[in-house]
Undergrad: 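Quick one: the structure is below, questions incoming.
Every chain is numbered from 1, with letters handed out A, B, ... down the list of sequences. Just so it is clear, the structure is predicted and the values come from calculations on it, not from any experiment.
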Amino acid sequence: MMEKLVLIDGHSILNRAFYGVPDLTNSSGLHTNAIYGFLNILFKILEEEKPDYLTVAFDVHAPTFRHEIYKEYKGTRKPMPEELREQVPVMKEVLSAMGIATVEKTGLEADDILGTLAKKSEKQGMAVSLVSGDRDLLQIATDGIKVRIPKTKGGKTEIEDYYTSDVVARYQVTPTEFIDLKALMGDTADNIPGVPKVGEKTATELIRTYHSVENLYDHIDEITKKAVKESLINNRKLADLSKDLATIRTDSDVELDKDKARIHNFYTEDAYKILKKLEFKNLLSRFEKRVSHDEITEKFHTVTDLAEAENLFEKAGKEEATGLYLLLDEKRSLLAVCLSFPDGETFFCRREGFLTEDYLADKLRKLSETGKIVCANIKEYYDFLQTDNTDHYFDIILAAYLLNPLKNDYTIQDVANEHLGLMLQEKTEMFGKKSLSAAYAEMEEEVISYISFLVYACVKAAPVLKKKLEETGMDRLMKEIEMPLTCVLYDMEKEGIRVNPEKLKAYGDTLAGRIKELEQEIYRKAGCEFNINSPKQLGEILFERMKLPGGKKTKTGYSTAADVLEKLSGEAPVVADILEYRGLTKLKSTYADGLAVYIGEEDRIHSTFNQTITATGRISSTEPNLQNIPMRMELGRQIRKVFIPRDGYLFTDADYSQIELRVLAHMSGDKQLIEAYRTDADIHRITASKVFHTPFEEVTDLQRRNAKAVNFGIVYGISSFGLSQDLSISRKEATEYIEQYFATYPGIKAFLDGAVAHAKENGYVTTMYGRRRPVPELSSSNFMQRSFGERVAMNSPIQGTAADIIKIAMIRVHQRLKDEKLSSKLILQVHDELLIETKEEEKDKVREILEEEMKGAAKLAVELEIDLHTGYDWYEAK
DNA sequence: GTGTTCACG
DNA sequence: ACGTACGTGAACACG
């Protein structure tokens, strides 16, 4: 295995960190932000690279700047601010305390030290990573030397990596040519003068052609641009000097001290003390909780023997908790089972010899009936586990989601980092894009170690997460809703929904016919052919060629969104065709063609229901998304006729009637709204009657429509602007509607204000069942962001509580169908709607169950009502 | 990979 | 003056 060296450009990274990290001081007034940023970058690099050697290079006289000796070019760079200067010696102390090697040498620039060490080490056969904030170092990049440039972007550090090819890709010149490029174009930051009149563009062009300054001058006659040629000829000296300045020495008198540079445990007592003094709480906890990987690895075992496996599973059955990871291949058959216990002992059981798949599956099934299982994404494992009872299961990913539902994805690595302070290797770092099962075949050892760490982390994280769930009041939410729901979703996914492929095809063909007609019609009316699906081209045609009114609206050009086009449809007949074309191509590509590829055995489509995506607690559906099948427009709605029950069955579809508004009535306790729900079902008409002071019977359709829009707006976190957009009225009118609404339902105003106040105070809002949603936007200094935060604070408790309730209903309905041994199955959830594939004979029973369990899912101040329909396709049942 | 558009609740 | 309704996912164009 190739040895790996990481070299760090000390001053440059410190500098980067200083400007990238917000100002920090400890209680004695010392600035610490650069050190903090430096350490974060350092740890990130170490975790990613897992190098064998590490060295940090500094310039001797901080702050010396590259080539400062050439006084004539000095003066363009600002002096180092005192706030940064004072951090330099402390930084060196920290590194020294951690036992990290540093190099500095009188008369040598850090660049030259780094360049030299990098090249020499590469020659010795090492893989080198050179970390710097300075792009000058790019000239050092080769296929064996990776130059890494960290960027602090919005609080997160991302690192750009450059091998030779990356430099070429970015700058169109090789790393060596990069020196010549700099020599010509100069660099004010580095006091490299360059050649006057030659900027980045010209320099790149010249170097791409001539590859070096010297060769350029050999062919100086060939230069066509007069001004450039003249300047080059007149400034030959400057060019040569610049090249010399730009060149990083790679033959300096400095050697890598392998002994000092060797990676060891950095988490020392001394370092701990300094970090404590600097008050880096975040990093300290890392030191405290950090157990060296070596120490953990000692507890890893591989099991191949039948007797060992027997013992292992017997032990697992009795343990307080058993971490579980299943290695599955593409066909979802078992390749290995990995178990870990609270004491850290971890066992990797490969499928081999007597340990056949059937044997392992049998052991697993038995374990799942009695053992206490901790794992990640448990729904993925239910092919092998009992699903009757989740009381003794714990999914750390679900727990992490509940504790912070705002993340884009949830990995064991992140959970281990955040909740255990344990850093684990990312999969891609170890195995690239290969699937784990594929990597397993090639590099078994590594995969076993990788998986063992994951399972180890699962079982260690579980108690920490459980405690946090209790502290945040979400333990019951976890135990009684999210965990049981995993089984329901698993069954729904497995069951799938049947479609009629012929009908789907016919639907698509009908669309295709009309699309072709429209296409020709649009080309004719527009006077040319273009890609109607390209907003860019469409915008140009409409607003430039046809000169239709309507300016820019988006960052990239003209907006061609439906609401913009609708306003234009009076101007040009082609616009109506475009809108129809849009609608039809959407239906065809997303639904007719899009769904077809998912049709599997028995003509069924198996969507995936995700439980950790939404910020509010809703479920989401992917591959395909069955929660956005057209409904509002008749033509689109027709596609629901394609969804059919299996033979001998029919669909029963039940949806909550205005669940969010009812939740609002309950949570706000508003007397008027509660009373309204007690007297009549048509809540929008009642609202209109009250808000517009009109007798109930005399409420016009328009008034009702407006009241309905206000009701929706309230649920979304009302704003006068939003409402005015929706109703196409002035902002003033919208404001009046809202004021009238709040006058009518004062409890709602108080509730919404209370939600925002709570969020401002605590940083989060909660649902009736304790689900939390953080609202970080509320502390933003940006008005837009803050307003968004306010709307979120108003909407999330409502949307989230509704989501909680339907989850409860799903669990109860699912359980009842099972308890009563019915063949009917819950197959879909669409936020406020459940679809049951119902056996003919069970029709009445299913209706009864849906009514009881959906209405009974929560006891609110107002009744939960449902609308229930049956039919022989989804269109009919809705 | 990002932005735009549009389907749903 | 700012430029938004809340929550999603998929297709497509484009850099």
Undergrad: By nearest nucleotide on DNA chain C, pick out whichever of Gly594(A) and Leu723(A) is the more 5' one.
TA: Leu723(A)
Undergrad: Just call it for Asp655(A): base, sugar-phosphate, or nothing, with non-hydrogen atoms closer than 4.0 Å on any strand.
TA: nothing
Undergrad: Checking contacts here: which listed nucleotide (dA13(C), dA7(B), dC6(C)) is nearest the side-chain heavy atoms of Val792(A)?
TA: dC6(C)
Undergrad: Assign Val715(A) to base, sugar-phosphate, or nothing according to its heavy-atom contacts below 4.0 angstrom with the strands shown.
TA: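 No contact.
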Undergrad: Using a cut-off of strictly less than 4.0 Å, decide whether Gln537(A) has a side-chain nitrogen or oxygen near OP1 or OP2 of dC14(C).
TA: yes
Undergrad: On a whole-Å scale, what distance lies between the P atoms belonging to dA1(C) and dC6(B)?
TA: 31 Å
Undergrad: Phe788(A) stacking on dT4(C): centroids under 5.5 Å, ring planes under 30°?
TA: no
Undergrad: Please give the distance between the P atoms of dT4(B) and dA5(C) as a whole number of Å.
TA: 13 Å
Undergrad: Hey, can you tell me if Phe712(A) and His684(A) have their rings parallel, tilted or perpendicular (30° and 60° cut-offs)?
TA: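 The rings of Phe712(A) and His684(A) lie parallel, inter-plane angle below 30°.
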Undergrad: Which residue lies toward the 5' end of DNA chain C, Gly717(A) or Ala615(A), if each is placed at its nearest nucleotide?
TA: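 Mapping each residue to its closest nucleotide by heavy atoms, the 5'-most match is Gly717(A).
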Undergrad: When you measure from the side chain of Arg618(A), which nucleotide among dT8(C), dG9(B), dA13(C) comes out closest?
TA: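 That would be dG9(B).
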Undergrad: How far does the P atom of dT5(B) sit from the matching atom of dT4(C), given to the nearest Å?
TA: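 About 12 Å, rounded to a whole number of Å.
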Undergrad: Side chain of Gln799(A), heavy atoms from C-beta onward: which of dG9(B), dC8(B), dA13(C) has the nearest atom to it?
TA: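 Closest nucleotide to the Gln799(A) side chain: dG9(B).
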Undergrad: Just compare dC6(C), dG3(C), dG9(C) and give me whichever is closest to any side-chain atom of Arg791(A).
TA: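 Nucleotide nearest to Arg791(A)'s side chain: dC6(C).
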Undergrad: Classify the nucleic acid contact of Asn625(A) as base, sugar-phosphate or nothing, counting any heavy atom under 4.0 Å across all strands shown.
TA: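 Counting heavy atoms under 4.0 Å across all strands, the contact made by Asn625(A) is with sugar-phosphate only.
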Undergrad: Just call it for Ala803(A): base, sugar-phosphate, or nothing, with non-hydrogen atoms closer than 4.0 Å on any strand.
TA: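 No contact.
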Undergrad: From the set dC8(B), dT4(C), dC6(B), return the single nucleotide nearest to any side-chain atom of Arg640(A).
TA: dC8(B)
Undergrad: Does CD belonging to Gln537(A) count more than 12 external heavy atoms closer than 6.0 Å?
TA: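 Counting other residues, nucleotides and ligands, CD of Gln537(A) exceeds 12 neighbours.
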Undergrad: Can a side chain N or O of Arg637(A) be found less than 4.0 Å away from OP1 or OP2 on dA7(B)?
TA: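 For dA7(B), OP1/OP2 do not have a side-chain N/O of Arg637(A) under 4.0 Å.
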Undergrad: Quick one: look up who dG3(B) pairs with, Watson-Crick or G-U, both distances under 3.5 Å, and put none if it's unpaired.
TA: dC12(C)
Undergrad: If you look at every strand shown and take non-hydrogen atoms under 4.0 Å, does Ala734(A) touch a base, only sugar-phosphate, or nothing?
TA: nothing
Undergrad: If you check every side-chain atom of Arg731(A), which of dT4(C), dT8(C), dC8(B) has the closest atom?
TA: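 Nearest listed nucleotide: dT4(C).
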Undergrad: Does NZ or CZ of Arg637(A) fall inside the cone over Tyr875(A)'s six-membered ring, less than 6.0 Å from its centre and within 45° of the axis?
TA: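 The answer is yes, since Arg637(A) meets both limits relative to Tyr875(A).
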Undergrad: If you check the Glu623(A) side chain, which of dA7(B), dT4(B), dA10(C) turns out closest?
TA: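 My answer, after comparing the listed nucleotides, is dA10(C).
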Undergrad: Please walk me through it: do Tyr745(A) and Tyr741(A) pass ring-ring contact (aromatic ring centres under 6.0 Å, His included)?
TA: CA-CA 6 Å; Tyr745(A) 300 121; Tyr741(A) 188 94; 5.0 Å; yes
Undergrad: Take Met492(A) and Leu826(A) through the side chain to side chain contact (heavy atoms under 4.5 Å, CB included) test and state the conclusion after the steps.
TA: CA-CA 6 Å; Met492(A) 286 163 60; Leu826(A) 174 61; 4.0 Å; yes
Undergrad: Can you tell me the base-pairing partner of dG9(B)? Count Watson-Crick or G-U wobble geometry only, both distances below 3.5 Å, and say none if there is no partner.
TA: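 Because both required distances fall under 3.5 Å, dG9(B) counts as paired with dC6(C).
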Undergrad: Mind checking Ser559(A) for me? I need base, sugar-phosphate or nothing, with any heavy atom below 4.0 Å counting as a touch.
TA: sugar-phosphate
Undergrad: Does a side-chain N or O from Thr590(A) land closer than 4.0 Å to OP1 or OP2 of dA7(B), or not?
TA: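 Checking Thr590(A) against dA7(B): no side-chain N or O falls below 4.0 Å of OP1 or OP2.
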Undergrad: Would you check if Ile532(A) and Tyr523(A) make a side-chain contact, meaning some heavy-atom pair closer than 4.5 Å?
TA: yes
Undergrad: Please confirm whether the shortest side-chain N or O distance from Asn533(A) to OP1 or OP2 of dA11(C) is below 4.0 Å.
TA: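 No, no such contact exists.
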Undergrad: Considering only side-chain heavy atoms of Met631(A), which listed nucleotide, dG9(C), dG9(B), dC6(C), is closest?
TA: dG9(B)
Undergrad: Kindly say whether Pro535(A) contributes a backbone atom to a donor-acceptor pair with the side chain of Thr560(A) at under 3.5 angstrom?
TA: no
Undergrad: Please tell me if Ser796(A) has a side-chain N or O lying less than 4.0 Å from either OP1 or OP2 of dC6(C).
TA: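 Indeed not, no polar side-chain atom of Ser796(A) lies that close.
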Undergrad: Within less than 4.0 Å of OP1 or OP2 of dT5(B), is there a side-chain N or O belonging to Arg582(A)?
TA: no
Undergrad: Establish, with yes or no, whether the OP1 or OP2 oxygen of dG15(C) is under 4.0 angstrom from a side-chain nitrogen or oxygen of Lys536(A).
TA: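 Yes.
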Undergrad: Out of dT8(C), dT5(B), dG9(B), which nucleotide sits closest to the side chain of Arg632(A)?
TA: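 The nucleotide sitting nearest to the side chain is dG9(B).
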Undergrad: Are any of Ser534(A)'s side-chain N or O atoms less than 4.0 Å away from OP1 or OP2 of dC14(C)?
TA: yes
Undergrad: Base, sugar-phosphate or nothing for Asp726(A)? Non-hydrogen atoms, less than 4.0 Å.
TA: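 Touches a base.
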Undergrad: For Thr616(A) and dT8(C), is the shortest distance between a side-chain N/O and OP1 or OP2 below 4.0 Å?
TA: no
Undergrad: When we call it a touch if two heavy atoms are under 4.0 Å apart, what does Ala802(A) touch: a base, just sugar-phosphate, or nothing?
TA: nothing
